[in-house]
Structure formats: structure tokens, C-alpha cells
Amino acid sequence: MPPRIVYLDYAASAPLDPEVLEVMRPYLEAVGNPSSTHAAGRFLRTALEEARQTIADLLGAAPGEIVFTSGGTEADNHALRKAIDTFNISTILFNPTEHHAVLHTIEDLVHQGKIEAHPIAIDTYGRINLNHLEELLKKHPKALVSVMYANNEIGTLQPVREIAALCQQYGALYHCDTVQVMGLGWVRVDEWPVDFIAASAHKFYGPKGVGFIYRRRPIKSLITGGAQERGQRAGTENIASIVGMAFALQKAYKQKHAYLKHLSTLKAEALSLLQSLLPEARINGDPSPGGSHPGILNFYLPPEKADDLLLVHLDLAGVCASGTSACASGSGHPSHVLEALGLPAEAAMRAIRLSWGWGSEKTHLELAIQTLRQSLLSPTA
Ligand code: PLP
């Protein structure tokens, strides 16, 4: 890591917990393939099945309902592409502020002529309109519904229990991208009739490049090849990362109350700093404590007040944050999430997402917000 950085981009990726790395180490070094029947293979297979059991127990699932993937993107692709294939679904009802892992998959399926897709209406916080979902379900009762738990850019929480109940009532299937909330310890599929969920380890202090899908009923494999994952996902398992992910999730569920308190305290501090130092800032998404992810805050500064180099000012001050506009990565387009909320492009281009976690402190938020204040006073600084 570069020296003296203040990391406020946990929603993009949380740092690997050193304890997780230690748990992974023997499996990084171990010889063998979990599919081999000899002792070396059996050692890895046992670890693999223990990890699956751990995750299943935490979520209230059966071990056979958990399929390991290369991360959240593959999990979303797997659920959407293979649910429609397995159950002959021809309609997807979706939240327009989903992650691109969902939206681009839906676009591709529409493009291939496999499905028709209908966006569900949202309010100015990005929360779906349940009445509109119900109207759509009346017309398309056998649809697949895709609505995430918490938005990765603005943090807005969706009414996931009501959505699941409506889907059950009309006989639709529900896929929920839980990537941003899995580390909060909120997901229990025995208490929530969701059909598919997607998760990714690097959002809860596990390694990057590993995740899982929970599916209530078997679906076809996305990746063809060997018979790994009971024929649900071919390819030699990423055993060290899977073991690390299970440990990281166990730790997250154990510490969930302390974590929620830590994140919520920082959110209250961030909001109060914003109010005192940047009163011109406008919050994107639901500002109420119960309405959004406790570790994500997204806001913009009015175009007449701010230049479009806010992230550069932060970066020069050593603060790692995200602009939610893809223009920050060079494409020149504002974020699809902010556009869906009705934000004008010039405002969306100035959006900043701060997201925090275990390593974050109030002083980090102070540095970020004071830097932004400074850049408003001397925009070319
Ligand atoms: N879904 C959401 C809501 C996310 O925030 C992300 C990652 O940012 C993904 C899916 C993709 O996960 P991964 O990075 O593991 O592919």
C-alpha cells in the first residue's frame, strides 16, 4: 500500500483481515486437488465441505444450497442466466439501480432474445415501489425478480422481506444481490423466502476473487467442465480463498453487533461533519439511519460550488474514495444509479462516495470532508 493513505472505499473492497490470511496460508501451500481421492485430496475436500457447512449454518441454509463462485459478478450471472434456463422463465422484473453484474447480464439476455425485462419504479432514494412491483407481478406471475439488498453506490436498503413475500404470493422467483450486506450479519435464508442470493468475500474482509451463490432449488451450471460443486459449477475450487471466506463470514456474524455500532457511529459523525463543513452538500439516497447501509455515504456538491476534480483533491490529500460516476474511470458517463434517481448529469459527475469499515476513524472522515471544503474555497488548488 502507498504510505499514509486514508482508505474510505470499503464498499469497493475491504482490506483482507490478517487473521483470515493466516487461516488461508496452509491451504495456499497444500499440495493436491480437492477432487482427488488420495489423502492429499481428501484433506482439501474436508476443508472445502467444512467451509460450505460453516457458511450454510450462518445463513440458515443447507450445505448443498451453497455453490462457490469466483465472486459476486459470477454469482449474479449464475443466478440470473441459469434460473431462466432451468425454470423456462421469460420475464425479469428488475431494480434499475442494480450493480452492472446484474444489469449487463439482463441486457445481454434481452439482446439474445431469451427474456423481456421490465424496470420496477423507484423513488428519489432509489427504493423500489412495491405497488408497481405487484402490478408487474399480476401481469407476469412467473417472472424472476432481481432487487439487491443494499445499493453499492448510495447505500439505500430495499424492502427485501416484502419483495420476497410478494414473489411467493404470485409464484415468482426472487434473486437478491446481497454483496454489500453479507458482512453485516443480516442474511438468514430460513427467515426470508428468497430463492437466490449472491455474495462476495472481499466485501467482508475475505480475499478477492471468491464468492458464493445460495440457491433454494438446484439450477444448471453456468460453467461447464468437471463435476465439481455437485455439478453446479465446474472447475477446481479456489480452496484457500473458500476457507478464508468461510472464516471471514463466521467472524463477521460473531461481531455483527459491534460492527453495526462502529459503522453507525461513523455515519452519524460523517453526517454531522458534512452539515457543519459542507452545508451545500446534497445527500444521494436515503439519509435516515434505518434506510441505508451504515457504512456508505454518497453526496454531491452543487456544480456552481465545486469543480469536477474533487476525487483528485482527495487523492492528493491521501484519501481513497470513490466517485460514483464512471467518468472517474474515464468513460465520461455519469453513474447509472444517480441517473436513475433523476440527478442531472453535471451533479452526478460531482458525486463522492465515502465508505468505511473496521479500520476507519473519525479523523479519516474529518480529513476527507475538510479536504473537500478546502477545494471549494480554492477550486484550482
Ligand atoms: N454486486 C454488488 C452490489 C457489488 O457491490 C459488487 C462489487 O462491487 C458486485 C456485485 C460484484 O462483486 P465482485 O467484485 O466480487 O465481482
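In each ligand, atom 1 is the first atom listed, and ligand 1 is the first ligand listed. Because the structure is a prediction, the values reported are computed rather than measured.
Contact check for Y259 versus K254: no side-chain heavy atoms found under the 4.5 Å cut-off.
Ligand 1 has at least one atom lying under 4.0 Å from a heavy atom of K203. Contact between H202 and ligand 1 is present, with at least one heavy atom of the residue lying under 4.0 Å from the ligand.
Under the 3.5 Å distance criterion, with hydrogens and angles disregarded, no donor-acceptor pair is assigned to the side chains of Q168 and Y174. A donor-acceptor contact closer than 3.5 angstrom is absent between the side chains of S292 and D286. For the 3.5 Å distance criterion, the side chains of D57 and Q53 qualify, holding a donor opposite an acceptor. Side-chain contact of D9 with S322: a donor-acceptor pair under 3.5 Å is present, judged by distance alone.
Residue, atom and distance of the protein heavy atom nearest to atom 13 (P) of ligand 1 are G72 N, 3.5 Å. Counting protein heavy atoms only, atom 15 (O) of ligand 1 is closest to S200 OG, 2.6 Å. Of all protein heavy atoms, the one lying nearest to atom 11 (C) of ligand 1 is T73 OG1, 3.4 Å.
Here the two rings, on Y205 and F247, have centers that are 6.0 Å apart or farther.
With a 4.0 Å heavy-atom cut-off, ligand 1 is reached by no atom of E74. Neither the backbone nor the side chain of N151 has a heavy atom within less than 4.0 Å of ligand 1.
Remark: ligand 1 and A101 share no N or O pair separated by less than 3.5 Å (distance only, no angle test).
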